[in-house]
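Single-structure report; data block below.
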Amino acid sequence: MLPNTPRSIASRALPRIHRIAKSSRSTATPNQLSRPGASTAACRSTLLPVASLYPSHVSSRRFASAADASFTSQDPSTHKPLFDKILIANRGEIACRVIRTARKLGVKTVAVYSDVDADALHVQLADEAYCIGPAPSSESYLRMDKIIDVCKRSGAQAVHPGYGFLSENAEFAERLAQDGIVFIGPPASAIVSMGSKSESKNIMSAAGVPVVPGYHGTNQDPAFLQQEATRIGYPVLIKAVHGGGGKGMRIVESAADFVDALASAQREARSAFGNADVLVERFVTRPRHVEVQVFADAHGGCVSLWERDCSVQRRNQKIIEEAPAPGLGEGVRAELSRRAVDAARAVGYVGAGTVEFIFDNETGKFFFMEMNTRLQVEHPVTEMITGLDLVEWQLEVAAGNPLPLAQSAIPLVGHAFEARIYAENPRNNFLPDSGRLLYLSTPTPTHVFAPSFGAAEALPTTSASSAQQEFTPVVNTSAVLTPVVRLEQGFEQNAQIGVFYDPMIAKLVVHGRDRTEALRMLRRALEEYKVVGVATNVEFLRALAGNEAFERAEVETGFIPKHFDELFPPVPEPSHEALAQAALFVVLRDHPAPPSLSSPWGTLASRRFGGDVYDRTVTLHAEDVEPSIVHVKSLPGGLFDITVTTAGAGEHTFRGVKAHLDTPTTLVTTLDGALRRTTIVAQPPPASPSALVTDERLHVFDGARKTMLVLPAPAWVRALGGAAAHGSGGGGGALRAPMPSVVVEVRVHVGERVERGQPVVVLESMKTETVLRAPVGGVVRGVGCVKGEMVEEGRELVDVREEEVEEVGDVDAGASK
């Protein structure tokens, strides 16, 4: 049941969140935005000065102005007004991104949210917010009827779908149109034609554009699809016909794996997009992923905003994107853009779309892959090199206005990267993680929006063909570029990263004069991005941005497995410096310096135990390393002698160390004459009385390196934890949840005999399926979960009693057939 009143929450600014003082809300001026009033005190109108929406240190690089042929330069008599209010049928960073542009344009926003998103950032930033159901997206963000009902009740004139969820759902666009609500996206017919990966390939094939060999038809019978896979030849790629983001996609190496992979891909596609149909095509083993951003209006205008390279991926999902694509000649760029624009024109496309190609590094040939009929996650890199706001273009085109720039006037300036910050564990096959963001510190953004580069210079006449010249980007050599850091985030500190949605926390975007400068900026910004509470890919992204092959732009979709050993080197032992700082942090936290030495009574507590001089031995553990012993001895004058003893590097002593806690998470020290300001965050053990983890974790951010250390709990606390673990019955055959998840399928029952490696439980976390397999061959002794149940990390799901040694050989032999 939908609430009767909108939830109105005081607005805060992105990318940095600043609360607005009450004194700044007292008087309304023409430059203020107001939230609609409500009958309850909790929903009173709040007036927000536009100047306070962004922090003073963040410069808003302006968009194309009148001199740049923007929408504002169009004839006022023909320019159609924008919507008064729009609804954003999405969540997370993309909802926040749309809200920022809408606010800039004076358009009010309506957010929708599920039960678990009640305190989400997009809900807080919107002018109004409505709950539309429980956490599962099938009961909330995919419910067209609820979203349309909120449109009617709130008076929203249009819906921005973001990406994912209903963004490529033709039925949703049609139902909105039937109710007189504008869908900020392409017409339903274009979504059907190009949103369907099968039909789009058929259209492109008929137009003479090469496509990857495969089956793109409607027959979804598993036996028929397996037959087609055999005809195409393994390896094959199973891909959801609708949607994107790597969901519903599986690479199948052999016929023996096809049936399970197909079922898993279909379940994931149905959960993410509400449609389980798939296509099967040959898997190209060494491709690049190059895509072209196109934009079209309802007046016949259609342009390319140049290409992006999104080749580096894991789990078939992009993690780092850049624009322009490195190493492309002008002829290749022009041909890619021309093909992309032709594809959009062929289906009467309107709005923002992305035409994706598989590009062969060795031959320079490209194959049409699919078209995404929505705004892409990686659209900020295109904004950075063109100086445009694509969300503003979406709103203007949806209102019926023509594109403000012709193809020949669209610039391409500098180079941009986007790194996606995910809650996941790269060293555990990038499995998603969930939990509370206990600590979040990000690089300071220099800009909120994309840069504007001024009027473009005219192109000189060349010998190139007219088609190539049309799609050759203009360059404004008078543009003065300064490095830019931009942050697109959907969560703030203390937010909960749940299991029901995509695990992306934020997008870090940089722009520089060239690829080298932009990459240097990306590395620096990643060093400043610090998270505690969930596992993240930040350290992996730093390794990737510093990889020599990546610096040389030797990118391909198989980049991560090809350079696996370089990207995942052995975890080094903690340095003496990190161990010393961690121990100092514990000592200063647990035995803080007295506030004043003016009175002997001020230090009475410590004097009772030997005065101001005291000793403490701190034991610290790191993963797969013998415990380290740190002896800290305090000296008069706030100095310390610290002796660190490790199994690998021996003993080292730091003498006369100055140290103090500047903040609860900032330790200032002088080690061997070097002044250091180090962030150290303590992560307490879980509060649950049944939790097996009883130790405190210390996260040490020292320069570009993060070290996680474990501070053991007292012996009696550890004993309780050990008793709990013993009582759980866990053993070599116990299978535990690797992360908080929803149980999709339980494939075994008590008493059933299983083989080592046999699938026993299928989990879903953050729209990604994980198949758990029996660790040993034997008999199922217990099943601790049921289909549809939510299970916490570490929960024992299945216990398999291992068979006798002479029988295990038979099991292994059978499993390898």
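On a predicted model such as this, the values are computed, not experimentally measured, just so you know. These numbers come from the heavy atoms of this one structure, side chains and all, not from hydrogens, waters or symmetry mates.
Residues meeting the ring pair (Phe, Tyr, Trp, His ring centres under 6.0 Å) test with Phe366, sequence neighbours left out: Phe357. Ala269 pairs by the side-chain contact (heavy atoms from CB on, under 4.5 Å) definition with Ala240, Phe273, not counting sequence neighbours. Every residue two or more places apart in sequence or in another chain was checked for a ring pair (Phe, Tyr, Trp, His ring centres under 6.0 Å) with Phe367, and none qualifies. Applying the ring pair (Phe, Tyr, Trp, His ring centres under 6.0 Å) test to Phe295 and every residue at least two apart in sequence or in another chain returns Trp393. For Asp514, there are no salt bridge (Lys or Arg N to Asp or Glu O under 4.0 Å) partners at least two apart in sequence or on another chain. Residues meeting the salt bridge (Lys or Arg N to Asp or Glu O under 4.0 Å) test with Lys365, sequence neighbours left out: none. In terms of the salt bridge (Lys or Arg N to Asp or Glu O under 4.0 Å) criterion, residue partners of Arg513 (sequence neighbours excluded) are, by chain and number, Glu517. The salt bridge (Lys or Arg N to Asp or Glu O under 4.0 Å) check on Glu378 picks up Lys318, Arg420, with sequence neighbours excluded. Among residues two or more places apart in sequence or in another chain, the side chain to side chain donor-acceptor pair (under 3.5 Å) test is passed with Glu554 by Arg552. Partners of Arg314 by side chain to side chain donor-acceptor pair (under 3.5 Å), not counting sequence neighbours, listed by chain and number: Gln317, Glu424. Applying the ring pair (Phe, Tyr, Trp, His ring centres under 6.0 Å) criterion to His122, with sequence neighbours excluded, gives no partner residue.
The pair Asp502-Arg91 does not count as a salt bridge, with every side-chain nitrogen at least 4.0 angstrom from each carboxylate oxygen.
Applying the side chain to side chain donor-acceptor pair (under 3.5 Å) rule to pairs touching residues 292-304 yields Gln293-Arg308, Ser304-Ser337, sequence neighbours excluded.
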